[in-house]
Amino acid sequence: MTRVRIDEIGRHAGETVEIAGWLYNLRKSGKIAFPQVRDGSGVIQCVAVKAQLPEEKFEALKHLTQESSLIVRGKVRAEERAHGGFELDVEDVEIVQRVSEEHPYPITPKEHGVDFLMDNRHLWIRSRKQHAVLRIRAEVIKAVRDYLDSNGFLLVDCPIFTPAACEGTTTLFEVNYFDDEKVYLTQSGQLYNEANAMAFGKVYCFGPTFRAEKSKTRRHLTEFWMVEPEMAYATLEDVKRVGEEMVCFAVDRVLRNRGAELAVLERDVAKLETVKSPFPRITYDTAVELLKKKGSTIEWGSDFGGTDETLISEEYDRPVIVEKFPQQIKAFYFESDPERPELALGVDFLAPEGYGEIIGGGQRVHNLEVLEQRLAEHDLPREAFDWYLDLRRFGAVPHAGFGMGIERVVTWICGIDHLRETIAFPRMLYRTKP
RNA sequence: UCCUCGGUAGCUCAACGGUAGAGCAUUCGGCUGUUAACCGAAGGGUUGUAGGUUCGAAUCCUACCCGGGGAGCCA
């Protein structure tokens with residue numbers, strides 16, 4: 001008996017095969033039952049006819065509970081009425097574990113609230129929409145890695161445990177190490193990336209990052225995944241170019257390979273098809289003028305709020321690149337604009353449709369004296385940055401890089417309204433379970 | 001941390017000062033083409049917790065707990 005996956009069952013039309021999965025839904029009449037079985041790759045409707053099965057098998061199937069695990073054997077048949085185009089005529093069924101009716105599967109095919117679904121996240125990920133989102137996430141990650149791998153970047157991952165003060169301002173999660181030593185969960189691989197870039201030229205890291213900010217919005221997780229490319233002998237221009245190419249590449253891949261998933265999510269793909277080079281580029285100065293014209297209370301010198309980002313992005317049909325921010329709102333390691341030293345050579349990519357910042361990056365300070373002065377200005381402990389300063393002592397070159405938040409990108413591509421569905425087990429301010 | 005909204009059956013909600021209800025889910029019965037199937041019946045509740053006002057509180061008041069959305073900050 002051939003065990004097949006539901007997503008490739010079409011190749012076995014006319015054959016008798018076996019599928020192993022879980023009961024997704026069940027409709028029944030007196031002498032016929034339609035169990036829908038999912039196996040992780042898809043869902044197929046099976047047809048069980050009383051007269052063609054042993055009595056006890058038919059009865060067991062007819063009274064089977066949602067999400068019970070089962071193995072079904074039967075003949076694959078092309079069927080116009082079926083959603084996937086195929087059905088399975090049941091010849092034999094083996095129930096692996098029956099969900100008891102005293103504790104039925106909590107997630108029914110009806111509506112549920114966010115709180116309930118989040119409490120049952122370990123089960124919610126079995127649902128069709130969650131499958132679509134998580135498959136698109138996997139596609140985005142693969143696309144981003146394929147793009148970087150085939151453009152000369154080497155994957156060099158950065159540590160998760162870090163000593164204090166990677167960037168200074170943002171709150172860090174503290175962890176007890178050995179013998180009273182404290183370490184912190186990384187909030188960015190950035191500094192280590194710079195060392196890696198001086199070693200390998202073009203590198204990227206990809207992994208989880210942690211922010212202990214008490215942010216409680218649809219755009220924040222306390223644990224999220226970020227891809228961070230870093231390039232030696234590179235400038236702000238390279239960041240804009242690589243970021244743009246990478247985003248276009250990822251969107252194109254999803255459109256090409258995950259059309260079915262986008263359809264499940266009822267995503268308006270026309271809004272993704274416009275995501276092509278070139279992206280509009282505006283300066284922070286221009287953005288502030290635009291915002292004031294649109295009624296924002298923003299003043300030059302402060303950072304954009306969530307509403308400001310939406311106001312800017314709604315002017316465009318693709319991500320917009322905002323560059324050259326006031327130095328005071330950016331981290332200590334940003335290079336200054338030689339023509340206007342009060343500006344940092346930083347960029348943000350704002351996704352369309354109000355999805356906010358998906359990329360942040362820029363050109364780094366590569367001069368030793370300037371960097372030492374910056375550390376002093378930001379009141380950062382010099383000792384902790386000794387190794388980082390070494391990078392300016394031993395063959396310093398202009399270099400630049402950026403970070404892209406995977407969940408932000410996936411949320412935007414999926415067109416869903418909250419980051420929490422783009423990772424299997426989201427970690428948020430008041431939610432660490434399951 | 002602050003602002004704001006909410007917590008009633010397993011789930012989604014109604015009742016808004018006068019005996020706590022519906023749909024779905026579960027169980028039983030009916031139905032050979034259903035597809036969030038349908039039809040009939042049954043079981044299921046200390047209304048988040050603790051006080052208070054009232055003849056009477058799910059409903060009004062106070063505090064607390066838990067959660068949603070947002071601000072600040074950021075990807």
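Order of the sequence lines sets the chain letters (A, B, ...), proteins ahead of strands, with each chain counted from 1.
Contact between the side-chain N/O atoms of A/H112 and the OP1/OP2 oxygens of B/C24 is not found at any separation under 4.0 Å. Side-chain nitrogen and oxygen atoms of A/R219 include at least one within less than 4.0 Å of the OP1 or OP2 phosphate oxygen of B/A71. One finds no side-chain N or O of A/K216 lying less than 4.0 angstrom from the OP1 or OP2 phosphate oxygen of B/G70. For B/G68, the OP1/OP2 oxygens have a side-chain nitrogen or oxygen of A/R431 closer than 4.0 Å. Residue A/R420 places at least one side-chain N or O under 4.0 Å from the OP1 or OP2 atom of B/G69.
Across all strands, A/L419 comes closer than 4.0 Å to base atoms (heavy-atom distances). Counting non-hydrogen atoms under 4.0 angstrom, A/S215 reaches a base of the nucleic acid. As judged by a 4.0 angstrom heavy-atom cut-off over every strand, A/K50 is placed among residues making no nucleic acid contact.
Sequence order on RNA chain B of the closest nucleotides to A/G306 and A/N25 puts A/N25 first from the 5' end.
Between the P atom of B/G68 and the CD atom of A/E421 lies a distance of 13 Å, rounded to the nearest Å. Here the C1' atom of nucleotide B/C24 and the CD atom of A/E111 are 10 Å apart, to the nearest Å. Note: CG (A/L117) to P (B/U12) measures 8 Å, nearest angstrom. To the nearest angstrom, P of B/G70 lies 15 Å from CG of A/D308. In this structure, A/Q66 places its CD atom 15 Å from P of B/C11, rounding to the nearest Å. Between the P atom of B/G68 and the CZ atom of A/R121 lies a distance of 14 Å, rounded to the nearest Å. Regarding A/E213, its CD atom lies at a distance of 12 Å from the C1' atom of B/U1, rounded to whole Å.
A/E101 contributes no side-chain N or O that forms a donor-acceptor pair with the base of B/G10 under 3.5 Å.
Between A/R137 and A/E407, at least one side-chain nitrogen of the basic residue sits less than 4.0 Å from a carboxylate oxygen of the acidic one, meeting the salt-bridge criterion.
Here A/F224 lies parallel enough and close enough to stack on the base of B/A75, with planes under 30° and ring centres under 5.5 Å apart.
For the residue pair A/S313/A/T310, the side-chain donor-acceptor check at 3.5 Å is not satisfied. Looking only at atom types and distance, the side chain of A/H399 has a donor-acceptor partner in the side chain of A/E194 under 3.5 Å away.
In this structure, A/E244 contributes its side chain and A/F279 its backbone to a donor-acceptor pair below 3.5 Å.
For the atom pair CG of A/L185 and CZ of A/R211, the computed distance is 12.0 Å after rounding to the nearest 0.5 Å.
A 3.5 Å limit on both hydrogen-bonding distances identifies no Watson-Crick or G-U partner for B/U19. B/G6 is paired with B/C66 under the Watson-Crick or G-U wobble criterion, all donor-acceptor distances under 3.5 Å.
None of A/I413, A/V133, A/I136 except one satisfies the side chain to side chain contact (heavy atoms under 4.5 Å, CB included) rule with A/T422; the exception is A/V133.
If you take atom C1' in B/C73 and the same atom in B/G17, they sit 46 Å apart, rounded to whole Å.
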